[in-house]
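Single-structure report; data block below.
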Number of protein chains: 2
Amino acid sequence: MNKVKKRSNCPVSCSLDIWGDKWSLLIVRDLMFAKECTYGDFLKSAEGIATNILASRLLTLEENKIIEKLEHPDSKAKVLYRLTRKGIDLLPIMIEINLWAEKYLTIPDDRKAMLKKVKNDKPRFIKAMTKELEG
Amino acid sequence: MNKVKKRSNCPVSCSLDIWGDKWSLLIVRDLMFAKECTYGDFLKSAEGIATNILASRLLTLEENKIIEKLEHPDSKAKVLYRLTRKGIDLLPIMIEINLWAEKYLTIPDDRKAMLKKVKNDKPRFIKAMTKELEG
DNA sequence: AGATACACTTGCATATTGCAAGTACAAAGC
DNA sequence: GCTTTGTACTTGCAATATGCAAGTGTATCT
């Protein structure tokens with residue numbers, strides 16, 4: 001399952017080998033907005049990821065140290081996922097994707113509000129959100 | 001072939017629906033570095049894209065106005081592809097991917113040199129490169 | 001103890017990708 | 001003009017990945 005088939009030495013290509021499929025960045029997005037998610041939380045997202053794909057992507061992301069598991073405070077049956085520092089550092093990419101989408105696609109209002117703050121002071125926003133996700 | 005299957009209203013999801021596969025961003029990358037490419041140029045890239053996938057991706061990217069075709073000055077048998085403004089505006093995303101990769105993966109020296117300029121003054125770099133790609 | 005919640009697995013149909021070969025047309029060479 | 005080469009794709013088919021439905025194992029709830 002975890003075939004690390006590196007297509008070339010290009011950093012873009014290598015990055016895409018890790019998280020460049022249709023689903024991984026959506027998992028990262030959920031974790032950026034919610035900070036921590038359970039397996040069930042991911043399944044609830046609007047895009048409707050299949051359970052086997054979700055399990056497979058969570059594993060790959062964990063192997064690549066983008067996310068990590070931790071114990072749920074309420075129950076041992078639940079698992080919490082959260083971003084590692086490596087995963088949190090995908091935030092600038094995520095922000096630029098949102099900015100591009102704002103320019104060329106339609107975008108919901110709540111997201112627009114966030115982007116307003118981003119555009120006001122991007123480095124500040126990134127620093128603040130990074131700190132929040134780390135904490 | 002051109003099924004626009006929108007998974008949700010999330011801008012990240014919608015963006016990935018357009019160029020979020022393993023190959024599209026590599027095509028965009030080639031066009032950012034080379035400005036204009038022929039079909040054969042894309043095939044020469046290190047990752048080794050299959051001809052049918054390339055044709056399919058070029059079509060999708062063209063349909064989504066990320067790239068456009070133009071006549072090759074030398075020959076009517078050749079086709080030149082280049083980025084539209086919408087495609088050029090993917091540059092900030094491309095840059096952030098490179099910066100992330102620089103931090104967490106190994107990255108070739110020539111790319112490092114470029115990133116040095118980026119880090120010196122990111123908005124300036126983006127503006128200059130955008131202008132060059134538009135011209 | 002039995003039911004329920006949660007995090008996955010498994011099996012199988014469908015869709016996408018990857019590879020090899022082929023086609024169509026323009027240009028270059030003889 | 002006729003063949004050969006270069007370029008941009010298409011086509012066919014095998015391999016792989018995805019999507020869906022159902023099932024499994026463990027922990028908690030009653």
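Here is how names work: the chains are called A, B, and so on, in the same order as the sequence lines, proteins then strands, and each is numbered from 1. Just so you know, these numbers come straight off a predicted model, no measurement behind them.
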Between [N] ([atom2]) and [X] ([atom1]): distance, integer Å:
X	N	atom1	atom2	value
A:L54	D:dT18	CG	C1'	13 Å
B:K44	D:dA8	NZ	C1'	13 Å
A:K76	C:dA7	NZ	P	15 Å
B:L59	C:dT17	CG	P	14 Å
B:L58	C:dT17	CG	P	14 Å
A:R7	C:dC19	CZ	P	12 Å
A:D74	D:dT28	CG	P	10 Å
A:F42	D:dG19	CZ	P	17 Å

**Report entry** Pi-cation contact, A:W23 with B:R7 (under 6.0 Å, within 45°)
**Finding:**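 So B:R7 does make the cation-pi contact.
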Query raised in the report: More 5' along DNA chain C: A:L43 or B:A50, using each one's nearest nucleotide?
Result: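 Mapping each residue to its closest nucleotide by heavy atoms, the 5'-most match is A:L43.
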Query raised in the report: Is the backbone N or O of A:K117 less than 3.5 Å from a side-chain atom of A:D121, with the two atoms forming a donor-acceptor pair by type?
Result: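 No, A:D121 side chain to A:K117 backbone: no donor-acceptor pair under 3.5 Å.
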**Report entry** Side-chain (B:K35) to main-chain (B:E132) donor-acceptor, under 3.5 angstrom
**Finding:**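 Checked: pair present.
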Query raised in the report: Nearest nucleotide by nearest heavy atom, which residue falls closer to the 5' end of DNA chain D, A:G48 or A:A77?
Result: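 Checking each residue's closest nucleotide, the 5'-ward one belongs to A:G48.
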Query raised in the report: Which residue, A:K22 or B:V79, contacts DNA chain D at a nucleotide closer to its 5' end, judged by nearest heavy atom?
Result: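 Its nearest nucleotide being more 5', the pick is B:V79.
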Requested in this report: Test for a donor-acceptor pair under 3.5 Å between the base of D:dT10 and the side chain of B:T51, counting only N and O atoms.
Outcome: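 Indeed there is one.
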Closest listed nucleotide, where the reference is the side chain of [X] and the choices are [options]:
X	options	answer
B:Y39	C:dC8, D:dC9, C:dA27	D:dC9
B:Y81	C:dA7, D:dG19, D:dC9	D:dC9
B:R57	C:dT17, D:dC9, C:dA27	C:dT17
A:I53	D:dT18, D:dC9, C:dC6	D:dT18
B:T38	C:dG18, D:dA27, D:dA8	D:dA8
A:K5	C:dC8, D:dT18, D:dA17	D:dA17
A:K78	C:dA26, C:dC6, D:dT18	C:dC6

Query raised in the report: Base, sugar-phosphate, or nothing: which does A:N52 touch, judged by heavy atoms less than 4.0 Å apart?
Result: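 Here A:N52 touches the bases of the nucleic acid.
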Requested in this report: Would you classify A:S75 as touching base, sugar-phosphate or nothing, given that sugar-phosphate means primed atoms plus P, OP1 and OP2, and contacts are heavy atoms under 4.0 Å?
Outcome: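 Result for A:S75 = sugar-phosphate.
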Query raised in the report: Going by heavy atoms in the side chains, are A:L115 and A:L99 under 4.5 Å from each other?
Result: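 A:L115 vs A:L99: side chains touch.
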Report task. May I ask you to say whether A:R82 pairs ionically with A:E134, meaning some side-chain N is under 4.0 Å from a carboxylate O? Result ->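 Judged by the 4.0 Å cut-off on N to carboxylate O distance, A:R82 and A:E134 do not form a salt bridge.
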Query raised in the report: Under 3.5 Å, is there a donor-acceptor pair between the A:T84 and A:E68 side chains?
Result: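 The answer is no; no qualifying pair exists.
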Query raised in the report: Is any side-chain nitrogen or oxygen of A:K69 closer than 4.0 Å to OP1 or OP2 of C:dC8?
Result: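 Affirmative; the distance criterion is met.
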Query - Contact under 4.0 Å: A:W23 side-chain N or O vs D:dG19 OP1/OP2 - result: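 Answer yes for this pair, as a side-chain N or O of A:W23 is under 4.0 Å from OP1 or OP2.
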